[in-house]
Asker: 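Quick one: the structure is below, questions incoming.
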Protein chains: 2
Amino acid sequence: MTYCVGLQLERGLVFMSDTRTNAGVDNISTYRKMHTWEVPGERTMVLMTAGNLATTQAVVSMLDERNLAPSERDPSLLSTPSMFQAARMIGRTVKDVIADQTAGGYNAGTTFNATMIFGGQIRGAPPRLYMIYPEGNFVEAQAETPFFQIGETKYGRPILVRAYDPKMDFARAIKLLMVSFDSTIRANLSVGTPLDLQIYEADSMNLGLSRRIEDGDADWRAVSDGWSDALRQAFESLPDVTM
Amino acid sequence: MTYCVGLQLERGLVFMSDTRTNAGVDNISTYRKMHTWEVPGERTMVLMTAGNLATTQAVVSMLDERNLAPSERDPSLLSTPSMFQAARMIGRTVKDVIADQTAGGYNAGTTFNATMIFGGQIRGAPPRLYMIYPEGNFVEAQAETPFFQIGETKYGRPILVRAYDPKMDFARAIKLLMVSFDSTIRANLSVGTPLDLQIYEADSMNLGLSRRIEDGDADWRAVSDGWSDALRQAFESLPDVTM
């Protein structure tokens, strides 16, 4: 499994992903699931991937144009006129890679599926955040649905739904994501540290803070250890039930 | 979907189940998923069901021996020498009903599956709590795994894992279950009120407090409304993250 979350805030975008992949519980590995592209001052793009690792790596390699000789690489992601066009390009690539792996072409039952969260900004338009499906189509975040999760989404959702606030600053957003990831990691062995964090400040046109959060990270430990106590105190604070 | 939880406490057992069944989001109904049997002073049994409704109703009817004429009914559940034997009887019934519905007999891919939580006490032995699988086998709760969930288990699990305490009294246990159900109901449309609650006090040999919790129930509203604020305060109480 995997857990990735992309948040749209008034101040910009925040992305967090885990790094655990598995082919059964007896075969786990660490892979980066967050990929970035940037033309400083002009465009920034962040892609997070869940699903079949061979599929997602092939998609990222094709977007990087690694099928070309190094001297000829000029990722066309860096020349799309809009984030919408970039999302379409990624969607088509996902669909093509899956169809190529699946006997008889793409079908809903294929095991080579992948789902992605894609966000960023191109100068002249506001930041955008998309969720891209294995069928190649995609939806965009809006005020009523200001964040996307992929992979193991359930354990970490209740706190996101309740504590998310579009006006929150980046430090609070990181804390919120850490709580959501902590709940998930404690419940599902196939999601694990280290975590990758990427901040994008709206209209900065440059990738902002990027951080790899290891298991021993002081902030992560403070949130992870503190959340158990905080939850228990929250539970204590509720009124008693009449018998 | 469904959500049911059975908790084993030092003081006894607590059971809670929702009542929503669906055949698609455009076709929902309310059915009781909690069933009880009792010989006052001698034995009490509680069964909660998740899965195919035709399967679970058939299982309960067969356990009630409703296939016999009313005058001949004497449910053999009420004459098993132990809870273990009662669990075996339920397991065999589940497996037989599923096999009967499935072309070619039981197989792992059948859509007629059902999973159950079964608990209670027969005089002379301590209270027992089991989870019964569609294959007809079952596992028993132990100190390390003192509760079982069936149906939509993920949203409501983090608070159970963190706030459960085997020494808690029944009022706290009900509050804990209400929080767990509230998180689930807010996230999954296929789990819904009213809820059924059943308390069994160890060695009482009588079914204890039984309560149907409607959406307007004062305790339920207090927990449901209070938990959002309590969670947000818990989040506030965590230390800030360094940028």
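The chains referred to below are lettered A, B, ... by the order of the sequence lines, with proteins before strands, and numbering in each begins at 1. None of the values given here were measured: they were computed from a predicted structure.
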Asker: Quick one: CZ on B:Phe235 to CE on A:Met168, what's the gap to the nearest 0.5 Å?
Answerer: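 That separation rounds to 4.5 Å.
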Asker: Do you know which of B:Ala218, B:Ala163, B:Pro239, B:Ala187 has the most heavy-atom pairs under 4.5 Å to chain A?
Answerer: B:Pro239
Asker: Counting heavy-atom pairs under 4.5 Å to chain B, which of A:Thr153, A:Leu209, A:Leu176 comes out on top?
Answerer: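 Most pairs with chain B among the choices: A:Leu176.
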Asker: Below 4.5 Å from any heavy atom of chain A, which atoms of B:Ser228 appear? Answer side chain, backbone, both or neither.
Answerer: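 Interface part for B:Ser228: both.
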Asker: Is atom CD of A:Gln142 surrounded by more than 12 heavy atoms (other residues, nucleotides or ligands) closer than 6.0 Å?
Answerer: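 Atom CD in A:Gln142 is not crowded, with 12 or fewer foreign heavy atoms closer than 6.0 Å.
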Asker: Checking heavy atoms, do the side chain of A:Thr242, its backbone, both or neither come under 4.5 Å from chain B?
Answerer: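 It is both, since atoms from each part get that close.
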Asker: With only heavy atoms counted, which part of A:Glu152 is less than 4.5 Å from chain B, the side chain, the backbone, both or neither?
Answerer: side chain
Asker: Where do A:Ala230 and B:Leu238 come nearest, in terms of heavy atoms and distance?
Answerer: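 Answer, listing the atom of A:Ala230 first, then B:Leu238: CB-CD2, 4.4 Å.
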Asker: Is it the case that the side chain of A:Arg162 and the backbone of B:Arg232 share a donor-acceptor pair, with hydrogens and angles ignored and the cut-off at 3.5 Å?
Answerer: no
Asker: Can B:Val161 and A:Arg186 be said to form a side chain to side chain contact (heavy atoms under 4.5 Å, CB included), step by step?
Answerer: CA-CA 10 Å; B:Val161 170; A:Arg186 281 177 190 249; over 6 Å; no
Asker: CG of B:Leu231 to CG of A:Leu231: how many Å apart, nearest 0.5 Å?
Answerer: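 Between atom CG of B:Leu231 and atom CG of A:Leu231 there are 6.5 Å.
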Asker: Between A:Arg211, A:Arg172, A:Met178, A:Arg157, which shows the greatest number of heavy-atom pairs under 4.5 Å with chain B?
Answerer: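 Looking at each of A:Arg211, A:Arg172, A:Met178, A:Arg157 in turn, A:Arg172 comes out on top.
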Asker: Relative to chain B, which segment of A:Val179 carries a heavy atom at a distance below 4.5 Å: side chain, backbone, both, or neither?
Answerer: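 Interface part for A:Val179: side chain.
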Asker: Please flag which part of A:Trp220 lies under 4.5 Å from any non-hydrogen atom of chain B: side chain, backbone, both or neither.
Answerer: neither
